[in-house]
Every structure is written in structure tokens, then in C-alpha cells.
Protein chains: 2
Amino acid sequence: MTNEAAIQKALQYLSSFHRPSQEAMERLQEYCTTGFITKNKNLQPVGHTCRTLYVNIEGLLRIYYLKDGKDITESFEPALSVVARVESLFSGRASRKGIQALEDTVYVAISTPPLFKLFDKHPSLERLFRKVFEAGYVRTVNRLESLQFHSAEEKYRQLLEEQPDILQRAPLKHVASYLGITQVSLSRIRALR
Amino acid sequence: MTNEAAIQKALQYLSSFHRPSQEAMERLQEYCTTGFITKNKNLQPVGHTCRTLYVNIEGLLRIYYLKDGKDITESFEPALSVVARVESLFSGRASRKGIQALEDTVYVAISTPPLFKLFDKHPSLERLFRKVFEAGYVRTVNRLESLQFHSAEEKYRQLLEEQPDILQRAPLKHVASYLGITQVSLSRIRALR
DNA sequence: GTAATTATTTATCATATGTAAAATGATAGA
DNA sequence: TCTATCATTTTACATATGATAAATAATTAC
């Protein structure tokens with residue numbers, strides 16, 4: 001895939017949230033850069049303030065953090081996801097989270113300080129990203145509900161329902177921590193059928 | 001507290017996220033209404049699409065839902081909180097969640113369809129609410145992390161640290177479901193000291 | 001003020017899930 | 001191809017938490 005094609009794909013995807021003015025779109029495009037990262041490499045290390053927003057074009061990323069030395073997966077981010085560590089992006093504080101590629105991944109990166117500046121001149125861009133973040137917010141609220149009161153098995157079955165491909169594409173240890181259970185427990189559940 | 005005072009308090013609080021233009025502020029004020037609800041009453045029942053956003057001025061609200069007939073508290077919303085069932089507000093779908101008063105509560109209500117229309121003319125209002133929602137998003141992400149991998153005791157201690165007053169003000173059954181544990185388990189933990 | 005309701009704690013028991021370690025299976029590099 | 005590493009499953013055991021029911025304690029309604 002050419003850089004040009006990747007950026008077009010990102011812009012098209014972002015436009016699906018809200019179509020910005022022609023000029024806003026052109027300004028936005030100027031801040032898009034493409035990148036490629038190979039499996040298991042880190043796109044962003046733990047400990048830095050998040051100032052870049054990624055659109056995954058092809059591949060699989062995950063956001064993760066370390067809790068008592070253990071690697072916990074916060075989210076899987078497949079193609080056509082906006083990927084950012086929002087708790088850092090919106091607070092300006094250093095993130096304890098990192099972004100890693102679980103597959104070779106093509107992405108588009110947008111630097112957020114200039115992006116947020118663009119909002120002043122182009123309300124349609126602010127509208128667009130407001131909707132992007134609202135959608136992320138909704139996903140997070142729904143996930144919260146799923147974690148709040150489901151058994152390990154229920155959480156597994158829900159993932160199987162909603163993102164079955166993740167189970168093929170990501171190591172099960174990451175799936176386990178994503179579900180908030182141990183890998184042993186996950187293995188047990190999978191053995192049931 | 002007079003209606004006028006409540007609205008001023010709400011506007012002042014909202015302005016702390018982003019100061020809108022004078023005119024935007026005046027338009028916003030026109031859509032603010034005040035209300036009072038007594039303890040245990042429902043502000044919003046389960047099953048309706050969320051089209052109102054509340055600012056809690058004084059008192060305590062909670063967002064809750066029913067899971068297999070059991071009452072689960074999703075969040076506690078004390079004074080100076082923006083209260084909305086975002087998964088419905090942003091998707092237009094009916095919410096399975098309700099809003100209930102845990103104390104006599106004074107609130108300001110803002111109808112969202114006209115509010116969102118105001119955004120077209122007043123980007124500074126869109127900016128303001130974008131920041132309000134971003135802050136909510138960050139809280140939710142952090143709470144997700146707390147639920148993903150903490151024991152019942154850790155979650156209780158964290159609540160004790162961050163919102164100790166909730167334990168005095170809300171029935172423990174709601175605290176238990178909020179933490180994703182049973183009331184019996186919560187009682188055990190509390191008995192440790 | 002008393003009864004009735006609701007909230008909270010305590011007790012007992014069952015079980016899902018965690019921990020640790022070993023066994024098996026898959027993948028990648030030399 | 002062989003070795004080394006990593007991923008996954010399995011086993012055995014410990015334990016936190018859930019479920020149920022009963023006992024107190026606190027609120028509310030009459």
C-alpha cells in the first residue's frame with residue numbers, strides 16, 4: 001500500500017464520523033504521516049506523554065501497561081481504529097501505557113498539538129474528532145459494564161462473539177489479561193469445548 | 001438555593017472546562033432549567049433514549065442498570081458532576097440505564113438536541129462540551145483499569161481513598177455493585193478493620 | 001412509640017479462579 | 001535439522017469470593 005493510499009483510507013475513515021469542510025480536510029491531510037511497524041515492536045513506549053494519534057490502516061495494535069510487573073492489555077486495536085492513550089492525551093500527563101504491534105502494521109499518525117490548533121480555525125474538524133472520541137467513550141463504558149459483573153467464562157464468550165478474530169491473531173496471554181483473568185483460567189474455559 | 005443561583009453554579013462549573021464566548025454562554029443559559037428531586041426518586045427511568053444532560057449542583061445521584069434482575073450501580077455522581085448516560089446520548093439508542101437520587105438533589109438540566117444545535121453557531125460551546133466529555137472518558141478509562149485487575153479489597157481501599165464520603169452517603173449494596181462485588185464480600189472486607 | 005421494612009453483618013458451605021510448576025506444543029534462529 | 005525460546009495446556013493445591021440463610025441493626029411509616 002502506498003503512503004498516499006494509506007492516508008486516503010485514514011481520511012475516508014475519519015470522515016465517516018463527520019464530514020469536515022473541504023479546506024479542513026486538506027489541512028488535516030497535511031498533518032498526516034504514514035508509518036509501518038513490524039510485529040512485536042513498540043510504536044510508543046511506556047512513560048511518555050501521548051501527543052500522537054494513530055489510525056490503524058492494516059494490522060493489529062494493542063495498548064498495554066505494566067501492573068506490578070505484569071503486562072496487562074488494555075485494548076486491541078485492529079484496522080480502522082483510532083488509537084490513542086486518551087488518559088494521557090486529554091490530561092497532558094505522562095502515560096503509563098504503551099502501544100505495541102501484534103502484527104506488521106500500517107498506520108497513519110497525526111500529531112495532536114497541531115491538530116488541536118486546527119480546531120480553532122476549523123470547527124468541522126473539532127466536530128469530527130469530538131465524535132471519534134465519543135465513540136471511544138461509548139466503547140469504554142460498555143466494556144466497563146462487561147468487566148464489572150461477568151464471570152471469566154462470560155467475558156470470554158462475549159469476546160468470541162464480538163471479536164472472534166482476536167483469538168486467532170493475538171497471543172492468549174494478552175487475551176487473558178485483556179479479559180482480566182489469568183492465562184490458566186482462559187485455558188480452562190477454552191477446554192470446555 | 002434559588003433557581004438562578006443553581007444555574008449560575010452550573011455555568012461556572014462548565015466554564016471551568018473551557019470558557020465559551022459571552023454570547024454562547026447566554027444561549028446556553030437559555031437552555032438550562034433547574035430541578036429538585038427527593039431521595040430514592042428516579043430522575044430518569046430505564047429504557048428511554050438519553051436526551052438530557054444534568055449538572056448535579058447539590059446532592060448525590062447514581063447511574064444504575066439491571067443485570068439479570070439485579071441492580072448494578074455504574075457510577076456515583078456527587079455535586080459538580082455532569083451526569084448523562086453517554087452510551088445512549090452518543091448513539092441515539094435507548095438506554096438500559098436509569099438515574100436515581102441517593103440524596104435530595106438540586107440539579108440543572110440541559111436538553112441535548114438544542115444544545116447540539118447550538119454547537120453549529122458556537123464552536124466555543126462545542127469545545128467546552130468536548131472537554132467535559134473527554135474528562136468523563138478519562139475517568140472511565142481509569143476506572144476500567146481499576147476493575148480489570150484488582151481484588152475486591154483493593155477496589156474497596158481505592159474507593160476509600162478517592163471518594164470516602166460515598167461510603168457514608170450511599171447504601172453499601174450500591175457500593176458493592178459499583179465495585180463489582182457482593183454485599184457480603186464488602187461486609188467481610190470492612191470487618192477487617 | 002411500635003411495628004414493619006430495609007440495611008448490614010455474620011455464619012456456613014460451594015466453587016470459580018488464582019498460583020505454581022510441569023508437560024506439551026509451536027516458532028524461530030543458527 | 002537441531003536447539004532454544006516462547007506459547008499453551010494441564011495438574012495440584014490454596015484461597016478469595018459467591019450463594020444462601022439467619023441474626024442484628026438501623027430506618028421508616030403508621
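What you see below is based on every heavy atom in this structure, not just the backbone, and it leaves out hydrogens, waters and symmetry mates. In what follows, chains carry the letters A, B, and so on, assigned in the order in which the sequence lines appear, proteins first and then strands, with residues in each chain numbered from 1.
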Asks: Write down the distance between NE2 (B/His174) and C1' (C/dT6), rounded to a whole number of angstrom.
Replies: 11 Å

Asks: Tell me the interatomic distance from A/Lys67, atom NZ, to C/dG18, atom P, rounded to whole angstroms.
Replies: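 The distance from NZ of A/Lys67 to P of C/dG18 comes to 15 Å, rounded to the nearest Å.
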
Asks: Do B/Arg51 and B/Thr112 have a side chain donor and acceptor closer than 3.5 Å?
Replies: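 No, because no side-chain N or O of B/Arg51 sits under 3.5 Å from a partner of the opposite role on B/Thr112.
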
Asks: Can you see if the side chain of A/Arg190 gets near the phosphate of D/dT9 - specifically, an N or O under 4.0 Å from OP1 or OP2?
Replies: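 Checking D/dT9 against A/Arg190, a side-chain N or O does come within under 4.0 Å of OP1 or OP2.
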
Asks: Of the nucleotides D/dA21, C/dT19, D/dT8, which one has an atom closest to the side chain of A/Gln183?
Replies: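 Nearest to the side chain of A/Gln183 among the choices is D/dT8.
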
Asks: If you check every side-chain atom of B/Ser151, which of C/dG18, D/dT17, D/dT11 has the closest atom?
Replies: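 Selected nucleotide: D/dT17.
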
Asks: Taking the side chain of B/Val184 as its heavy atoms from C-beta onward, which of D/dT8, D/dT10, D/dT20 lies nearest to it?
Replies: D/dT20

Asks: On DNA chain C, nearest-nucleotide positions of A/Lys70 versus B/Ala170: which is more 5'?
Replies: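 The 5'-side residue here is B/Ala170.
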
Asks: Give the nucleotide from the list C/dA7, C/dT17, D/dT8 with an atom nearest to the side chain of A/Arg188.
Replies: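 Selected nucleotide (nearest to the side chain): C/dT17.
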
Asks: May I ask you to say what B/Leu186 touches in the nucleic acid, namely base, sugar-phosphate or nothing, with a heavy-atom cut-off under 4.0 Å?
Replies: nothing

Asks: Check the side chains of A/Tyr156 and A/Glu161 for a donor-acceptor pair under 3.5 angstrom, ignoring hydrogens and angles.
Replies: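 The answer is no; no qualifying pair exists.
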
Asks: Take the angle between the ring planes of B/Tyr13 and B/Phe17 and call it parallel below 30°, perpendicular above 60°, tilted in between.
Replies: perpendicular

Asks: Calculate the interatomic distance between B/Leu167 atom CG and C/dA7 atom C1'; express it in whole Å.
Replies: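 Taking atom C1' of C/dA7 as the reference, CG of B/Leu167 is at 15 Å.
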
Asks: In whole angstroms, how far is the P atom of D/dG18 from the NZ atom of B/Lys173?
Replies: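 My rounded result for the distance is 17 Å.
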
Asks: Evaluate the ring planes of B/Phe90 and B/Phe133, with Trp represented by its six-membered ring, and classify them as parallel (under 30°), tilted (30 to 60°) or perpendicular (over 60°).
Replies: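 Rings of B/Phe90 and B/Phe133: perpendicular, over 60°.
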
Asks: Which nucleotide wins on minimum distance to the side chain of B/Ile181, given the candidates D/dG18, C/dT8, C/dG18?
Replies: D/dG18

Asks: As a quick check of understanding, evaluate salt bridge (Lys or Arg N to Asp or Glu O under 4.0 Å) for A/Glu145 and B/Arg96, giving each step before the final call.
Replies: CA-CA 11 Å; A/Glu145 189 182 326; B/Arg96 287 163 297 105; 2.9 Å; yes

Asks: Under a plain distance cut-off of 3.5 Å, with no hydrogens placed, do A/Ser124 and A/Glu126 share a side-chain donor-acceptor pair?
Replies: no

Asks: How many whole angstroms separate atom CG of A/Leu192 from atom P of D/dT9?
Replies: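 Whole-Å distance recorded here is 12 Å.
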
Asks: When you measure from the side-chain N and O atoms of A/Thr182 to the phosphate of C/dT17, is any distance below 4.0 Å, counting only OP1 and OP2?
Replies: no

Asks: Return the 5'-most residue of the pair B/Ala152, A/Ser185 with respect to DNA chain D, ranking by each residue's nearest nucleotide.
Replies: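 Looking at the nearest nucleotide for each, A/Ser185 comes out on the 5' side.
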
Asks: Write down the distance between CG (A/Asn40) and C1' (D/dT5), rounded to a whole number of angstrom.
Replies: 13 Å

Asks: Taking the nucleotide of DNA chain D with the nearest heavy atom to each, does B/His150 or A/Leu172 sit closer to the 5' end?
Replies: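 Here A/Leu172 is the residue nearer the 5' end.
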
Asks: Whole-Å distance between C/dG18 P and A/Leu179 CG?
Replies: 11 Å

Asks: Between atom CZ in A/Arg169 and atom C1' in D/dA7, what is the gap in whole Å?
Replies: 19 Å

Asks: Tell me what B/Ser187 touches on the nucleic acid: a base, only sugar-phosphate, or nothing, going by heavy atoms under 4.0 Å.
Replies: base

Asks: Among D/dG18, D/dT28, C/dT19, which nucleotide has an atom closest to any side-chain atom of B/Lys39?
Replies: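 When the side chain of B/Lys39 is considered, D/dT28 is the closest of D/dG18, D/dT28, C/dT19.
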
